[in-house]
Amino acid sequence: MTDKNLEQALDILKDRGVRITPQRKVILEYLVTQHNHPSVEQIFNGIKDGSVGLGIATVYNTLQILVAQKLVIELSNGDDGKMRYDYFGIPHYHAICLNCGKITDIFTELTFHEAEQKSGYLIESTHVETHGYCPECQIRLGLTKINK
(Lines give C-alpha, C1' and ligand atoms only; values in the text may rest on other atoms or scores of the structure.)
Protein backbone atom coordinates (compact mmCIF):
# COMPACT_ATOMS: atom_id res chain seq x y z
CA MET A 1 0.00 0.00 0.00
CA THR A 2 2.93 2.35 0.63
CA ASP A 3 3.97 2.43 -3.05
CA LYS A 4 0.39 3.22 -4.01
CA ASN A 5 0.24 6.03 -1.42
CA LEU A 6 3.48 7.52 -2.73
CA GLU A 7 2.30 7.39 -6.35
CA GLN A 8 -1.02 9.01 -5.41
CA ALA A 9 0.77 11.79 -3.52
CA LEU A 10 3.15 12.39 -6.43
CA ASP A 11 0.19 12.51 -8.85
CA ILE A 12 -1.55 15.09 -6.64
CA LEU A 13 1.56 17.26 -6.65
CA LYS A 14 1.93 16.95 -10.45
CA ASP A 15 -1.75 17.81 -10.96
CA ARG A 16 -1.27 20.93 -8.83
CA GLY A 17 1.75 22.03 -10.84
CA VAL A 18 4.35 21.25 -8.17
CA ARG A 19 7.61 20.15 -9.74
CA ILE A 20 8.78 16.72 -8.56
CA THR A 21 12.49 16.97 -7.85
CA PRO A 22 14.50 13.95 -6.67
CA GLN A 23 14.86 15.63 -3.26
CA ARG A 24 11.11 16.23 -2.92
CA LYS A 25 10.38 12.67 -3.94
CA VAL A 26 12.80 11.15 -1.42
CA ILE A 27 11.44 13.35 1.41
CA LEU A 28 7.85 12.46 0.55
CA GLU A 29 8.76 8.78 0.30
CA TYR A 30 10.39 8.94 3.72
CA LEU A 31 7.25 10.46 5.24
CA VAL A 32 4.92 7.97 3.54
CA THR A 33 6.93 5.03 4.86
CA GLN A 34 7.68 6.31 8.39
CA HIS A 35 5.11 6.41 11.17
CA ASN A 36 7.37 7.93 13.80
CA HIS A 37 6.29 11.56 13.23
CA PRO A 38 9.86 12.76 12.61
CA SER A 39 11.33 16.21 13.18
CA VAL A 40 13.19 18.04 10.39
CA GLU A 41 16.48 16.77 11.80
CA GLN A 42 15.23 13.18 11.92
CA ILE A 43 14.07 13.40 8.32
CA PHE A 44 17.41 14.88 7.26
CA ASN A 45 19.40 12.24 9.14
CA GLY A 46 17.14 9.47 7.84
CA ILE A 47 17.76 10.31 4.19
CA LYS A 48 21.03 12.27 4.00
CA ASP A 49 23.00 9.15 3.10
CA GLY A 50 20.85 8.62 -0.01
CA SER A 51 21.93 9.29 -3.57
CA VAL A 52 20.32 12.75 -3.89
CA GLY A 53 22.15 15.88 -2.77
CA LEU A 54 20.19 17.10 0.18
CA GLY A 55 20.68 19.90 2.69
CA ILE A 56 18.67 20.73 5.78
CA ALA A 57 17.29 23.85 4.07
CA THR A 58 15.89 21.66 1.29
CA VAL A 59 14.12 19.53 3.90
CA TYR A 60 12.59 22.64 5.51
CA ASN A 61 11.51 24.09 2.17
CA THR A 62 10.07 20.81 0.91
CA LEU A 63 8.11 20.28 4.12
CA GLN A 64 6.55 23.74 3.76
CA ILE A 65 5.47 22.87 0.21
CA LEU A 66 4.00 19.53 1.32
CA VAL A 67 2.18 21.20 4.23
CA ALA A 68 0.79 23.89 1.91
CA GLN A 69 -0.45 21.14 -0.42
CA LYS A 70 -2.13 19.41 2.57
CA LEU A 71 -0.27 16.15 2.04
CA VAL A 72 1.74 16.57 5.25
CA ILE A 73 0.72 18.07 8.57
CA GLU A 74 2.78 19.65 11.34
CA LEU A 75 2.43 18.33 14.88
CA SER A 76 3.79 19.73 18.09
CA ASN A 77 4.30 17.04 20.69
CA GLY A 78 5.48 19.40 23.41
CA ASP A 79 8.17 16.93 24.50
CA ASP A 80 11.15 18.62 22.91
CA GLY A 81 9.53 21.73 21.42
CA LYS A 82 10.30 20.58 17.86
CA MET A 83 7.71 20.41 15.15
CA ARG A 84 6.95 16.90 13.90
CA TYR A 85 5.71 15.96 10.45
CA ASP A 86 3.24 13.33 9.31
CA TYR A 87 2.06 12.20 5.89
CA PHE A 88 -1.66 12.88 5.89
CA GLY A 89 -2.70 11.43 2.53
CA ILE A 90 -4.82 9.04 4.55
CA PRO A 91 -6.58 11.21 7.16
CA HIS A 92 -6.28 9.91 10.70
CA TYR A 93 -6.21 11.06 14.29
CA HIS A 94 -3.33 11.31 16.75
CA ALA A 95 -2.93 10.32 20.38
CA ILE A 96 -0.17 12.27 22.14
CA CYS A 97 1.30 11.11 25.43
CA LEU A 98 1.28 13.79 28.12
CA ASN A 99 4.34 12.26 29.76
CA CYS A 100 6.80 11.27 27.03
CA GLY A 101 5.38 13.10 23.99
CA LYS A 102 5.02 9.95 21.88
CA ILE A 103 2.58 10.41 18.98
CA THR A 104 0.51 7.45 17.82
CA ASP A 105 -1.63 7.27 14.67
CA ILE A 106 -5.26 6.25 15.11
CA PHE A 107 -7.01 5.07 11.96
CA THR A 108 -10.75 4.86 12.42
CA GLU A 109 -13.84 4.26 10.34
CA LEU A 110 -15.28 7.70 11.16
CA THR A 111 -15.42 9.33 7.77
CA PHE A 112 -15.19 12.91 6.67
CA HIS A 113 -18.20 12.21 4.48
CA GLU A 114 -20.24 11.72 7.67
CA ALA A 115 -18.91 15.01 9.01
CA GLU A 116 -19.95 16.73 5.79
CA GLN A 117 -23.44 15.24 5.98
CA LYS A 118 -23.92 16.29 9.59
CA SER A 119 -22.50 19.80 9.20
CA GLY A 120 -23.32 20.77 5.65
CA TYR A 121 -19.68 21.79 5.19
CA LEU A 122 -17.47 20.72 2.32
CA ILE A 123 -14.64 19.32 4.44
CA GLU A 124 -11.18 20.11 3.07
CA SER A 125 -9.13 18.80 5.97
CA THR A 126 -9.25 17.93 9.63
CA HIS A 127 -6.85 17.37 12.46
CA VAL A 128 -7.83 15.69 15.70
CA GLU A 129 -5.49 15.15 18.63
CA THR A 130 -6.25 13.26 21.79
CA HIS A 131 -4.01 13.61 24.82
CA GLY A 132 -3.38 11.01 27.49
CA TYR A 133 -0.77 8.50 28.62
CA CYS A 134 0.74 5.86 26.34
CA PRO A 135 0.77 2.25 27.61
CA GLU A 136 4.46 2.45 28.57
CA CYS A 137 3.97 5.62 30.63
CA GLN A 138 0.87 4.18 32.28
CA ILE A 139 3.03 1.34 33.59
CA ARG A 140 5.93 3.65 34.47
CA LEU A 141 3.64 6.05 36.34
CA GLY A 142 1.45 3.36 37.90
CA LEU A 143 -1.70 4.67 36.22
CA THR A 144 -4.85 2.66 35.60
CA LYS A 145 -8.27 3.67 34.33
CA ILE A 146 -9.54 3.42 37.90
CA ASN A 147 -7.12 6.22 38.91
CA LYS A 148 -8.75 8.64 36.53
Side-chain angles (χ1 to χ4, degrees), residues 1-140:
M1 190 71 162
T2 301
D3 289 338
K4 183 179 178 184
N5 292 340
L6 177 61
E7 290 306 315
Q8 287 175 338
L10 292 171
D11 287 343
I12 289 169
L13 292 174
K14 287 176 194 172
D15 291 346
R16 294 178 182 170
V18 176
R19 195 165 58 96
I20 307 300
T21 64
Q23 294 86 354
R24 289 177 183 168
K25 184 175 179 180
V26 76
I27 291 167
L28 184 57
E29 182 176 17
Y30 181 85
L31 289 168
V32 167
T33 60
Q34 301 297 311
H35 299 286
N36 61 345
H37 308 92
S39 66
V40 171
E41 293 81 9
Q42 288 171 317
I43 296 168
F44 177 72
N45 290 328
I47 58 180
K48 71 178 180 182
D49 296 331
S51 60
V52 297
L54 187 67
I56 194 97
T58 303
V59 176
Y60 276 106
N61 293 334
T62 299
L63 288 170
Q64 293 312 305
I65 291 168
L66 297 175
V67 168
Q69 295 299 319
K70 298 181 181 176
L71 288 175
V72 170
I73 60 171
E74 295 177 309
L75 300 163
S76 175
N77 73 350
D79 186 42
D80 59 8
K82 293 182 180 179
M83 212 46 109
R84 305 293 177 155
Y85 295 87
D86 190 26
Y87 172 68
F88 210 65
I90 301 170
H92 56 277
Y93 304 121
H94 296 100
I96 302 173
C97 183
L98 293 168
N99 188 56
C100 70
K102 176 181 177 180
I103 303 171
T104 302
D105 292 332
I106 302 172
F107 294 93
T108 180
E109 293 300 315
L110 178 63
T111 66
F112 302 112
H113 177 69
E114 292 170 331
E116 286 181 334
Q117 287 180 327
K118 290 180 180 183
S119 68
Y121 281 68
L122 174 61
I123 306 293
E124 292 278 326
S125 66
T126 189
H127 180 75
V128 175
E129 292 180 359
T130 58
H131 299 266
Y133 297 93
C134 70
E136 294 82 10
C137 287
Q138 289 175 52
I139 293 168
R140 195 173 12 244

Rounded to the nearest 0.5 Å, what's the gap from [atom1] on [X] to [atom2] on [Y]? Could you check?
X	Y	atom1	atom2	result
S39	L63	OG	CG	10.0 Å
Q64	T62	CD	OG1	10.0 Å
I43	Y60	CD1	OH	10.0 Å

- For the residue pair N99 and C137, what are the closest heavy atoms and their distance?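 Answer, listing the atom of N99 first, then C137: ND2-SG, 3.1 Å.
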- Query: Closest heavy-atom contact between Q42 and R84?
  - Reply: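 Smallest heavy-atom distance, with atoms named: OE1-NH1, 2.7 Å.
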- Given Y87, which of I73, L6, N5 fulfils the side chain to side chain contact (heavy atoms under 4.5 Å, CB included) condition?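 Only one of I73, L6, N5 forms a side chain to side chain contact (heavy atoms under 4.5 Å, CB included) with Y87, namely N5.
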- Message: Quick check: do T58 and T21 have side-chain heavy atoms less than 4.5 Å from each other?
- Response: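 Side chain of T58 against side chain of T21, heavy atoms only: no contact under 4.5 Å found.
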- Query: Mind checking whether H94 and T104 have side chains closer than 4.5 Å, heavy atoms only?
  - Reply: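 Of all side-chain heavy-atom pairs linking T104 with H94, none is under 4.5 Å.
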- Message: E136: which residues meet the salt bridge (Lys or Arg N to Asp or Glu O under 4.0 Å) condition with it, sequence neighbours left out?
- Response: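 Partners of E136 under the salt bridge (Lys or Arg N to Asp or Glu O under 4.0 Å) test: K102.
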Taking side-chain contact (heavy atoms from CB on, under 4.5 Å) as the definition, give me every residue that meets it alongside [X], ordered by chain and number, with sequence neighbours left out.
X	value
N36	Y30, Q34, P38
L13	V18, I20, L28, L66, Q69, L71
F44	K48, I56, V59

- List for me each residue that meets side-chain hydrogen bond (donor to acceptor under 3.5 Å, both in side chains) alongside Y85, sequence neighbours excluded, and say none if there are none.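 For Y85, the residues satisfying side-chain hydrogen bond (donor to acceptor under 3.5 Å, both in side chains) (neighbours in sequence not counted) are E74.
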- Taking only residues two or more places apart in sequence or in another chain, which ones pass side-chain hydrogen bond (donor to acceptor under 3.5 Å, both in side chains) with Q8?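 side-chain hydrogen bond (donor to acceptor under 3.5 Å, both in side chains) check on Q8 returns nothing, list empty.
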- Query: Is there a donor-acceptor contact under 3.5 Å from the side chain of Q138 to the main chain of Y133?
  - Reply: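 Checking the backbone N and O of Y133 against the side chain of Q138, a donor-acceptor pair under 3.5 Å is found.
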